[in-house]
There are 2 protein chains.
Amino acid sequence: MSPASTGSQRRPLADSLAVHDQVYEAIRQALINGRIAPGVGVSLRSLAAELGVSPMPVRDAVRRLVAERALAINPANKRLSVPSLTAARLEQLSQARLWVEPELAARAAPHVDAALVKRLRDLDAAVDDALKLGDVDAYMTANHDVHFAIYERADAEVLLAMAGGLWLQIGPFMRVVFGRVGADGLVADRHVEAVEALKVHDAEGARRAIAADLSEGMDKMRAAVEAGR
Amino acid sequence: MSPASTGSQRRPLADSLAVHDQVYEAIRQALINGRIAPGVGVSLRSLAAELGVSPMPVRDAVRRLVAERALAINPANKRLSVPSLTAARLEQLSQARLWVEPELAARAAPHVDAALVKRLRDLDAAVDDALKLGDVDAYMTANHDVHFAIYERADAEVLLAMAGGLWLQIGPFMRVVFGRVGADGLVADRHVEAVEALKVHDAEGARRAIAADLSEGMDKMRAAVEAGR
DNA sequence: TTCTGAAAATTGTGATCACAGTTTGCGGTG
DNA sequence: CACCGCAAACTGTGATCACAATTTTCAGAA
């Protein structure tokens with residue numbers, strides 16, 4: 001293979017997403033969906049080969065994921081791995097979520113309009129459907145969308161980013177709930193209560209509903225993690 | 001760091017810190033110290049030239065800083081800049097700190113020993129010295145060290161990382177306090193109270209002392225930011 | 001069979017180049 | 001003097017290579 005013939009056609013890429021962003025999203029989803037199991041090692045080249053890109057954009061994406069603590073880097077040999085699920089990590093992540101997310105819901109309440117209420121009801125219906133069908137990926141996506149459709153209305157960029165980072169880190173934990181207790185373990189959530197509170201701009205009601213929703217979900221995660229020791 | 005000549009001699013690097021980590025630390029300090037003013041644009045090559053390294057490790061460091069929101073990236077033209085100091089950002093950052101940091105102090109309380117108490121007193125003395133001398137950089141460093149010497153004892157890696165990220169983002173705000181009200185504006189802190197509480201393993205006392213310390217500091221930052229509009 | 005040790009493969013890191021957008025600078029035109 | 005237009009410089013992105021440090025593999029000795 002001569003250096004000149006290493007074609008590898010380039011992309012216009014002006015409007016489209018950069019490759020490293022696509023790679024980031026791909027790895028992110030793989031982590032949340034549990035396609036890359038916690039504890040196992042990964043490498044830049046193996047990820048690159050799997051995604052059909054050069055190691056360069058993978059390197060960028062991985063740096064970002066490491067900074068967000070969705071990937072861990074062994075300080076001794078500098079090798080990459082997926083953080084493993086420990087009770088201590090879950091506990092801290094839970095506590096942090098339990099502070100930021102209700103806060104975001106409360107901040108969103110004043111800015112909620114009829115269109116958002118409708119969208120939230122549609123999204124929540126999608127959550128219920130996914131639950132009935134036992135479609136794990138669809139559930140994870142829909143559940144995420146419900147929460148962040150609310151949080152985005154809070155007009156609090158910094159807190160929103162914190163919440164995003166926490167979901168990314170807790171994604172693998174959510175997966176183990178399905179793995180161990182099945183979809184039946186998650187039939188109930190507090191989305192309806194949250195939407196009702198938001199509809200009438202009841203900030204404290206929204207805060208309480210989201211707090212209860214998280215609290216119950218996280219109890220199940222804790223039980224699943226402890227059962228799997 | 002040696003100038004990046006085309007000779008490109010390599011380092012041993014086994015035990016020593018990687019170049020991109022040194023670059024990260026250098027930019028980090030420059031941001032916190034306000035040597036790179038908020039709002040202005042930077043570029044990979046200009047930073048690389050300034051630090052005497054190739055653009056590659058700068059790219060890695062910048063990715064990390066962007067993920068930590070210490071640098072911002074313009075989505076339109078993808079150019080880098082230092083986030084500007086807005087009241088909304090300060091408010092959210094403050095609220096987040098006011099939750100995590102007292103929590104870390106409370107968690108640390110049970111694990112405090114005599115050696116740590118001594119170290120904290122030494123560090124706090126350094127804070128007072130820097131204040132008397134009006135040495136801004138020394139104050140920022142010493143103040144950071146006092147807080148994180150406590151937080152590291154909490155045995156809460158996730159929350160500790162959150163606190164670190166928040167300090168990085170709020171660093172430039174701290175600087176404006178000195179810029180506008182001078183070192184005299186910060187003569188009082190609640191470090192002594194915090195250390196006293198920690199010494200007797202009083203978690204709630206430590207929580208309150210740290211909360212008060214942050215609260216007062218952030219009031220000054222808010223005033224400085226508002227005055228500078 | 002089990003241990004040993006050297007070769008081979010794999011890893012993260014850094015340098016350098018190519019390329020396509022964007023911004024900047026500067027000349028000429030009205 | 002003000003405005004336009006184009007070229008040069010600069011920007012982030014991606015590819016490819018080189019290198020040192022691991023880790024893995026496997027043949028040979030006990």
Side-chain angles (χ1 to χ4, degrees), chain A residues 1-27 36 39-67 70-82, chain B residues 1-27 36 39-67 70-82:
Chain A
M1 188 192 331
S2 81
S5 72
T6 55
S8 67
Q9 56 184 355
R10 307 202 125 264
R11 206 173 278 82
L13 130 53
D15 44 332
S16 160
L17 233 56
V19 177
H20 67 83
D21 280 320
Q22 299 176 280
V23 170
Y24 169 81
E25 208 50 50
I27 301 179
I36 314 180
V40 310
V42 294
S43 81
L44 297 182
R45 287 169 177 88
S46 66
L47 287 170
E50 211 163 315
L51 297 167
V53 298
S54 94
M56 201 63 237
V58 176
R59 185 168 163 178
D60 284 344
V62 160
R63 280 267 176 254
R64 188 170 160 195
L65 289 160
V66 168
L71 282 178
I73 179 166
N74 182 335
N77 58 10
K78 287 145 185 286
R79 269 167 160 80
L80 290 169
S81 63
V82 182
Chain B
M1 240 171 272
S2 65
S5 67
T6 52
S8 72
Q9 66 171 3
R10 312 206 118 261
R11 301 167 315 96
L13 135 52
D15 43 333
S16 160
L17 233 57
V19 177
H20 68 82
D21 280 322
Q22 297 176 277
V23 170
Y24 169 81
E25 208 51 49
I27 301 178
I36 314 180
V40 310
V42 295
S43 80
L44 297 181
R45 287 170 176 89
S46 67
L47 287 170
E50 211 163 314
L51 297 168
V53 299
S54 94
M56 201 62 238
V58 177
R59 185 168 164 179
D60 284 344
V62 161
R63 280 269 175 250
R64 188 170 160 193
L65 289 161
V66 168
L71 283 177
I73 179 165
N74 182 335
N77 58 9
K78 287 147 185 285
R79 268 164 158 83
L80 290 169
S81 64
V82 183

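The figures that follow rest on heavy atoms only: side chains count, while hydrogens, waters and symmetry mates do not. As the structure is a computational prediction, the values presented were derived from the model and not from experiment. In what follows, chains carry the letters A, B, and so on, assigned in the order in which the sequence lines appear, proteins first and then strands, with residues in each chain numbered from 1.
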A:R79, nearest nucleotide to its side chain (from D:dT13, C:dT22, C:dT10): C:dT10
Separation of atom CG in A:L17 from atom C1' in D:dT13, rounded to whole Å: 13 Å
Minimum-distance nucleotide (side-chain atoms of B:A18 versus D:dT23, C:dG14, D:dT13): C:dG14
Enclosure of B:E50 CD (heavy-atom neighbours >12, cutoff 6.0 Å): no
Verdict with supporting geometry, A:D60 and B:R59, side chain to side chain contact (heavy atoms under 4.5 Å, CB included): CA-CA 8 Å; A:D60 284 344; B:R59 185 168 164 179; 3.4 Å; yes
N or O in side chain of B:S43 less than 4.0 angstrom from D:dC10 OP1/OP2: no
For B:V58 against B:L44, the heavy-atom pair lying closest together: CG1-O, 3.8 Å
Residue-level proximity of residues 44-63 of chain A to DNA chain D when a heavy atom falls under 4.0 Å: A:R45, A:S54, A:M56, A:P57
A:N74 or B:N77, whichever maps to the more 5' nucleotide of DNA chain D: B:N77
Value in whole Å for how far the P atom of C:dG21 lies from NZ of B:K78: 11 Å
Reference residue A:V62; test side-chain contact (heavy atoms from CB on, under 4.5 Å); the match among A:V42, A:I73, A:V23, A:L47: A:L47
Touch class at under 4.0 angstrom, heavy-atom based, for A:V66 against every strand present: nothing
Distance in angstrom units between A:D21 CG and D:dG12 P, rounded: 15 Å
Distance-minimising heavy-atom pair for B:A67 and A:A67: CB-CB, 3.6 Å
Side-chain donor-acceptor contact under 3.5 Å, A:H20 with B:R63: yes
